[in-house]
Structure formats: C-alpha cells, structure tokens
Amino acid sequence: MGFLGDRYLLDSETAEELYADIESLPIVDPHTHADLTEIIANDGWSDIWEVEGATDHYVWSMMRKRGIPERKITGEASNREKWLALASEFPNFAGNPSYEWIHLDLQRRFGIEKPISEATAEEIWTETKAQLATPSMRPQRLLEEMNVEVFCTTDDPTSTLENHERAERTIESVDIRPTWRVDRALHVGRDTWYEFVDQLEQTTGTGTGSFSGFLEALEETHDYFAAHGCRASDLSLEQIVTRPVSQRRARNVYRRALEGRNLSVNEVKDFQAFLIEMVGRLNAEKGWVTQLHFGAVRDYRGQLYDTVGADAGGDVSTQSIELTDNLEYFLNEFDDETEIILYTVDPTHYPTIATIARAFPNVSVGPAWWFNDSPYGIEEQLKYAGSVDLLFNHAGMVSDSRKLISYGSRFEMFRRTLANVVGEMVDRERVPMAHAEHLVRHLAYDRPKSLYGF
C-alpha cells in the first residue's frame, strides 16, 4: 500500500477522475492568518521547525498530549531540539490531520517521501534545511508553485494596511486582500476593548470619547479597508446574539464602559447586537460577505493561557449555544441584502445552520472549521450539508492557516475529499458524471471566487 500516493483519500476510479479535473485549479483562499510581513520580505525560513511547528497550535496540542515539555514546544529550546522532539512522537499522531498535512508538505513541497520518525528526524532536518536555503523555497515562489490566485489575510480594523499597500506594489502573482476582523470592537468592558477604542482614535484621528465618534471612526476603517480591496468582514464570538437595540441603549452602555462601570450580561449582549447589525448594514452597502464564526471557547485551559498566552492550543468547542433564536433577527434583517457565511466549531450545530441556509438563499454553510477540517470532518459536513441544503451552495474551502507552506496541503485534502464524496454519488448512480464534474469544479474554485466577488 502506498502513502499519500495517487489514490490518497480516493476510494474509486470515479473519484480519481474527478480529482484529476480539479487538482490543478488555482487556490482561492478567503480566510487565512497569513503573515504578510513574512511574504513581502521573502527571506524564507531557516529550518523545518520554523516552517511546520513555530506557529501551529494544532501541532503544539499534539506534542503536549504526548508529554513533550513546553520548553520543546513554545519554550527556549532550539528549533532543532523542537523538531527532534516532534519527530520522535510523530508516528503516534496518525489519524490526526496534522500528521497528514505535514507529510503532504514534505512530499509535495520538498520531495521527501520518508515518514517522519525518530529514525528519520536528523535526515529530514538536514535535507529540508538545505532546500530552504534555495530561492525556490521563498514565500512568494511557494505561493506561485502552489498556484495560489487569491488569499485574504485577517486584519484588525485599526490596521493601516501598509503591508497590503506594499504587497500590491511588489507582488504581482497573487491577489492579496485584507479582511475586516471586528472582534475587539464587540468585547466591551474588557482590557482589549479599551485598547481598541484608544487605537481606533489614534488610527483614524476621530475622537472616540463619544459613542457617535466611535461609530464614525469604525465606519472610517470599513471605508478604508474597502479602498484596499477588502471583500468581507469576519466576526468570532462564542455566542452571537442578534436583536433590535436602539442607538440610545448602545450609547448608554458605551458611556458606562468608558466610565469603568461593571456591565451586566444583558448590557454586553445589547451592545454587541447593535454593532453586529451595524456591521451587516455596512457590508450590505458595499456588497461584502459577512462571516460569522461561533462556538469556540477561547483560552479554556487557564494554566496554558497564563504561561503561553492566546492562540496556544488551549481553546475548545461548546455545544451549549443557541443559534436559531439568536440569529433570527439578523438573518431576517439582511435577507437577500448581504451574503452571510456561518462557521461552527461543533458539528452538532450542522443541522441548524444547514436548515438556516436552506431557508435563506443568501446564507451559506461555511467550511468545516478548526477541529473539523480533517478528511472525516470535511466528508461528514459535505454529505450532511449537501443532503439538507444544496452542496452547490456550500462556501467551499479556506485554509484558516498560519503556515504558508500548508495552503497546498489543506486544499489538496479538501479537494480529494470532495472528489471522493461526489464520486460515491456517481458510483451509486445518484448523479451523472457530467453533473459531478461541474459540481466539484464549482466548489473547488468557482464558488468561492463568485461568492466573495474576487
């Protein structure tokens, strides 16, 4: 049996044929956590840990599960020590998508087919280090080699987007766009919110001492992002609540927050609901896509957050959120007004978001997110969403990655799984081959491009 060979994830000749049709299509990636500074500098990386482990909390979580000490994950150990520690446990990662992604990176980008283990760690370290020193492994060259046509970064509204301006002047092969990530504006009363309010004033020059000034400054950033090619906003909250809230009510909450008062849960929810509706209106005016992520419980492992910080692998998902009532106002307010994509961490929410998408033509089921972007998770979501809503209207794929080198691997995993799901439909005589070919090409490339208006 092969390993990540031509039949990887493909159970039939039909699936192989479908995958062959979409394998080489350009990548359109509407949601990444790319380091644009790294891409513009185009200096590359010095070693395989820097490429595969230094920014990947998926990898960190698996290393902790195998008892590797934190000093060899995010601590002071050398990159070589960290790689050797990872490699020594890597055979035990089998079944987790990180095992496949990193092996795919090695095979597709470095041409290294040997499995990662303690026995091969030194050899892989040496081979990859030599290759990473060559011009072919620089970020911009890799984006070209992976055939990345469009990707969107994730950017705070207070960003000046100077790197996007530089990228537009210096990088011709890839269309790089910002995304207006508005989370901090909604976390009223938190330390990060006060920092945001101050930074918003500094960035725009509009005073945020009043609620009207805050709203004006926020809208200025929306206009600024639009001028730099932005096509979408993004918002992630554990629980998204939408309901009609008057500007007077939101202004009173804003004033109390600036005064340092303790806010009730209802005050926070009302403030958030007002801003979420504002985001929807701004997006509708400009034809942007509204992306809503929900169900992630951030920094759940307190000790890890205290010692390492946020985005370190200590987040979890929750089933205990309400979607139908809480989204109803927003979805009806913007029915046919703006494209809306719903992302959920917990797959038990798929029935709700799939039926919502079925009811609202402008609502799409988002890609299998975070803990679900494995072959199993992608397959289950595509099958369910396609049986309740229309698979043709699924939002497609995003990398959601902090690792540039993994864009190709993540999209390959999605496209192979998509081809296998649709190939099974053909083999069971549910769909003719011509329609299947049209469907997989649409989801692999045409759908995200048209949905976001690239």
Side-chain angles (χ1 to χ4, degrees), residues 154-160 180-225 233-285 290-300 302 305-306 309-311 315 318 320-334:
T154 302
D155 307 274
D156 191 89
T158 62
S159 171
T160 60
W180 198 62
R181 180 68 178 257
V182 72
D183 296 20
R184 286 203 302 159
L186 278 79
H187 291 156
V188 62
R190 297 187 188 179
D191 290 343
T192 54
W193 182 80
Y194 291 106
E195 292 170 3
F196 175 80
V197 171
D198 290 341
Q199 290 170 8
L200 186 63
E201 180 171 318
Q202 293 166 16
T203 300
T204 62
T206 299
T208 56
S210 67
F211 188 50
S212 60
F214 173 78
L215 296 181
E216 181 182 343
L218 201 56
E219 186 170 352
E220 285 179 36
T221 69
H222 197 275
D223 293 340
Y224 185 75
F225 272 58
S233 72
D234 194 13
L235 171 62
S236 179
L237 288 174
E238 178 181 332
Q239 174 82 77
I240 292 177
V241 176
T242 70
R243 56 197 182 206
V245 176
S246 69
Q247 184 159 331
R248 179 180 178 182
R249 166 66 168 170
R251 182 175 61 246
N252 287 339
V253 176
Y254 186 83
R255 175 183 53 79
R256 284 173 50 78
L258 288 187
E259 291 172 353
R261 306 284 188 88
N262 290 327
L263 303 179
S264 68
V265 171
N266 274 336
E267 285 178 312
V268 171
K269 294 301 182 187
D270 280 347
F271 184 83
Q272 291 176 344
F274 180 89
L275 284 190
I276 291 169
E277 183 173 355
M278 176 187 172
V279 168
R281 296 213 178 280
L282 292 176
N283 289 352
E285 290 169 5
T290 301
Q291 299 177 113
L292 300 177
H293 290 74
F294 40 78
V297 183
R298 310 282 179 171
D299 309 320
Y300 185 77
Y305 177 74
D306 291 341
D311 300 321
D315 303 332
T318 180
S320 301
I321 59 173
E322 203 289 320
L323 297 177
T324 311
D325 290 344
N326 285 336
L327 292 174
E328 182 178 10
Y329 175 74
F330 184 87
L331 296 173
N332 281 284
E333 194 70 11
F334 295 102

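Since the structure is predicted, the reported quantities are computational estimates derived from the model, not experimental observations.
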Just wondering, are more than 12 heavy atoms of other shown residues or ligands nearer than 6.0 Å to CG in Asp191?
no
May I ask you to decide if Ile321's main-chain N or O and Gln239's side chain share a donor-acceptor pair within less than 3.5 Å?
no
Please report the shortest heavy-atom distance between Ser236 and Arg298, naming the atom on each side.
OG-NH2, 2.7 Å
Any salt bridge linking Glu259 with Arg255? Criterion: basic side-chain nitrogen under 4.0 Å from a carboxylate oxygen.
yes
Check: Leu200 main-chain N/O paired with Thr203 side-chain donor or acceptor under 3.5 Å:
no
Check whether more than 12 heavy atoms from other residues, nucleotides or ligands sit under 6.0 Å from atom CG of Asn262, and answer yes or no.
no
Mind running ring pair (Phe, Tyr, Trp, His ring centres under 6.0 Å) on Phe274 and Phe211 for me, showing each step along the way?
CA-CA 12 Å; Phe274 180 89; Phe211 188 50; 5.6 Å; yes
Let me confirm one number: the CD-CG distance from Gln272 to Asp183, rounded to the nearest 0.5 Å.
10.0 Å
Looking at Asp234 and Arg181, would you say the former's side chain and the latter's main chain have a donor-acceptor pair under 3.5 Å?
no
Write down the atom of Ala284, the atom of Phe334, and the distance for their closest heavy-atom approach.
CB-CD2, 4.5 Å
Taking the side chain as every heavy atom from C-beta outward, state whether Leu323 and Phe294 have any pair of such atoms under 4.5 Å apart.
yes
Classify the ring geometry between Trp180 and Phe225 as parallel (under 30°), tilted (30 to 60°) or perpendicular (over 60°).
perpendicular
Val188 and Leu263: CA distance, side-chain angles, deciding distance, side chain to side chain contact (heavy atoms under 4.5 Å, CB included) verdict:
CA-CA 9 Å; Val188 62; Leu263 303 179; 3.7 Å; yes
Within this structure, what is the CG-OG1 distance for the pair Asp155 and Thr221, rounded to the nearest 0.5 Å?
11.0 Å
Could you go through the side chain to side chain contact (heavy atoms under 4.5 Å, CB included) check for Glu267 and Asn252 one step at a time?
CA-CA 9 Å; Glu267 285 178 312; Asn252 287 339; over 6 Å; no
Where Ala185 and Phe271 come nearest, the two heavy atoms and their spacing
O-CE2, 3.5 Å
Within the structure provided, determine whether Arg184 and Arg190 are in side-chain contact (heavy-atom separation under 4.5 Å).
no
Go through the steps for Asp315 and Asp299 under the test side chain to side chain contact (heavy atoms under 4.5 Å, CB included), then give the verdict.
CA-CA 5 Å; Asp315 303 332; Asp299 309 320; 3.8 Å; yes
Just how far is it from atom CG of Leu275 to atom CZ of Phe214, taken to the nearest 0.5 Å?
5.5 Å
Is Ile276 close to Ile240 at the side-chain level, that is, under 4.5 Å between some pair of heavy atoms?
yes
No-hydrogen, no-angle side-chain donor-acceptor test under 3.5 Å, Asp156 and Thr158
yes
Let me confirm one number: the CE-CD distance from Met278 to Gln247, rounded to the nearest 0.5 Å.
9.0 Å
Please lay out, stage by stage, how Val245 and Tyr329 fare under the test side chain to side chain contact (heavy atoms under 4.5 Å, CB included).
CA-CA 11 Å; Val245 176; Tyr329 175 74; over 6 Å; no
Asn326 side chain to Thr242 backbone, donor-acceptor under 3.5 Å
no
To the closest 0.5 Å, what do you measure between CG (Leu258) and OG (Ser210)?
9.0 Å
Is the OH atom of Tyr224 crowded by more than 12 outside heavy atoms at less than 6.0 Å?
yes
Once you round to the nearest 0.5 Å, how far does CG of Leu218 lie from OG1 of Thr208?
11.0 Å
All heavy atoms of Val241 vs all of Lys269, minimum pair found to be CG2-CD, 3.9 Å
